[in-house]
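Below is one structure, written out as structure tokens; the observations come after it.
Counting starts at 1 for both ligands and their atoms, in listed order. Numbers here are sequence positions counted from 1.
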Amino acid sequence: MEMLRRDLYKKIKDTLLTAGFSLIDVREIYKITSGKNIFDTDFDELADILEIETAKELTEKRMSGYPIQYICGSWPFLDFELEVNENVLIPRPETESVADCAIEIIKKFHMKRNINVVDLCSGSGCIAIAISREIEDASVTAVEISIGAYEILTRNIKQLAPKVIPVLDDIFQYLETIEDSCLDMIVSNPPYVSLNDYSALQKELHYEPRIALCDEGDGLNYYRKISKKFKRKLKRQGHIVFEVGDNMSDDVGSILKEDGYKDIETIKDGFLNPRIVIAVND
Ligand SMILES: C[S@@+](CC[C@H](N)C(=O)[O-])C[C@H]1O[C@@H](n2cnc3c(N)ncnc32)[C@H](O)[C@@H]1O
């Protein structure tokens, strides 16, 4: 079947927009299909058969709810592009705010040489990589338990921030391998979807790893354990920076207060939602 690129693009667009998907989906699928973005395309050329078949296949995949980020295989985070696949959580805009917040705190309170930062539950490595790229002197460790995620983490580190130290471990085992009072900052976006909420999540989220989303409890498990167990690993005046789920900031703040942290603060993300909780080790 012969088809002009113009008609192929229109077909992808009409199908996806009618089904409620976005222009970003359309453009990304067209880009993979033709190897070009729409601005570099000669729409009067004929599309070849492979393009037509790929377009059909990817459009159907997207229509089934499969995330566009996994179709692309990479996704932007701040000013860089991370490799992603089904083994890692798709980096979210609110996590960009978490990384920005951590960087701002380091610049304000910890601008001395060789500061020690750990990113617990690192996934694609987005937070650790952002910090390392911005604070060149920092020693940043990224801890991740999933082997599949760790493979992506190490590839992203190699490409984007080779100084980050990747560690394949359960964060609560890793805890036993480091000295007390050695960390200037702990930053973490842990799994925080409760068991109850997990089954009700929209279909698209079930393509992401369960271990990245669900804490298999009430949603606060990781905050409780990290807050309590890692406190002695933080230096005095060291910071803890958590990404938290919707409506969780008060609960996470209370956990930190009970554990003896001070200067507990909730910070809003770029959408003005209270998604970041910070505290200082007393
Ligand atoms: C919510 S995702 C966050 C990923 C990444 N930091 C981000 O913001 O996109 C949580 C990550 O923690 C990892 N994880 C879950 N439990 C863990 C544990 N006990 N120790 C280390 N990593 C863990 C998961 O595999 C997943 O990659």
I need the atoms of ligand 1 closer than 4.0 Å to a non-hydrogen atom of [X], numbered in the order shown.
X    : answer
G123 : 4 (C), 27 (O)
D169 : 20 (N), 21 (C)
I211 : 15 (C), 24 (C), 25 (O)
D170 : 18 (C), 19 (N), 20 (N)
P190 : 1 (C)

Test item: side-chain donor near acceptor, [X] and [Y], under 3.5 Å:
X    : Y    : answer
S227 : D259 : yes
S122 : E144 : no
K231 : N281 : yes
E86  : Y66  : yes
D251 : S254 : no

Protein residue, atom and distance nearest to [atom], heavy-atom basis:
atom                    : answer
atom 3 (C) of ligand 1  : N189 O, 3.2 Å
atom 13 (C) of ligand 1 : E144 OE1, 3.3 Å
atom 6 (N) of ligand 1  : C121 O, 2.9 Å
atom 1 (C) of ligand 1  : A212 O, 2.8 Å
atom 20 (N) of ligand 1 : I171 N, 2.9 Å
atom 16 (N) of ligand 1 : Y222 OH, 2.8 Å
atom 23 (C) of ligand 1 : I145 CG2, 3.3 Å
atom 9 (O) of ligand 1  : C126 SG, 3.4 Å

P209 touching ligand 1 at heavy-atom level, < 4.0 angstrom: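 Per 4.0 Å heavy-atom rule, P209 does not contact ligand 1.
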State if V88 counts as touching ligand 1 under the rule of any non-hydrogen atom under 4.0 Å. no
Could you give me the CA-CA distance, side-chain angles and deciding distance for E265 and V277, then say whether side chain to side chain contact (heavy atoms under 4.5 Å, CB included) is met? CA-CA 6 Å; E265 233 183 292; V277 177; over 6 Å; no
Using a heavy-atom cut-off of under 4.0 Å, does the side chain or the backbone of Y192 touch ligand 1, or both, or neither?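 Looking at Y192 and ligand 1, no heavy atom falls under 4.0 Å.
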For ligand 1, the portion of S122 having any non-hydrogen atom under 4.0 Å away: backbone
Quick one: does any side-chain atom of S34 pair with a main-chain N or O of K36 as donor and acceptor, under 3.5 Å?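 Checked: pair present.
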Using side-chain heavy atoms (C-beta onward) and a distance below 4.5 Å, is I90 in contact with E208?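 Yes - at least one pair of side-chain heavy atoms lies under 4.5 Å apart.
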Is E176 atom CD crowded by more than 12 heavy atoms from other residues, nucleotides or ligands, each under 6.0 Å away?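 Count over threshold, so yes.
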Got a salt bridge between D42 and R5, using NZ or NE/NH1/NH2 to carboxylate O under 4.0 Å? no
Below the 3.5 angstrom mark, is there an N/O of S146, backbone or side chain, next to an N/O of ligand 1? no
Which atoms form the tightest heavy-atom contact between L78 and A99, and what is the distance? CD1-CB, 4.1 Å
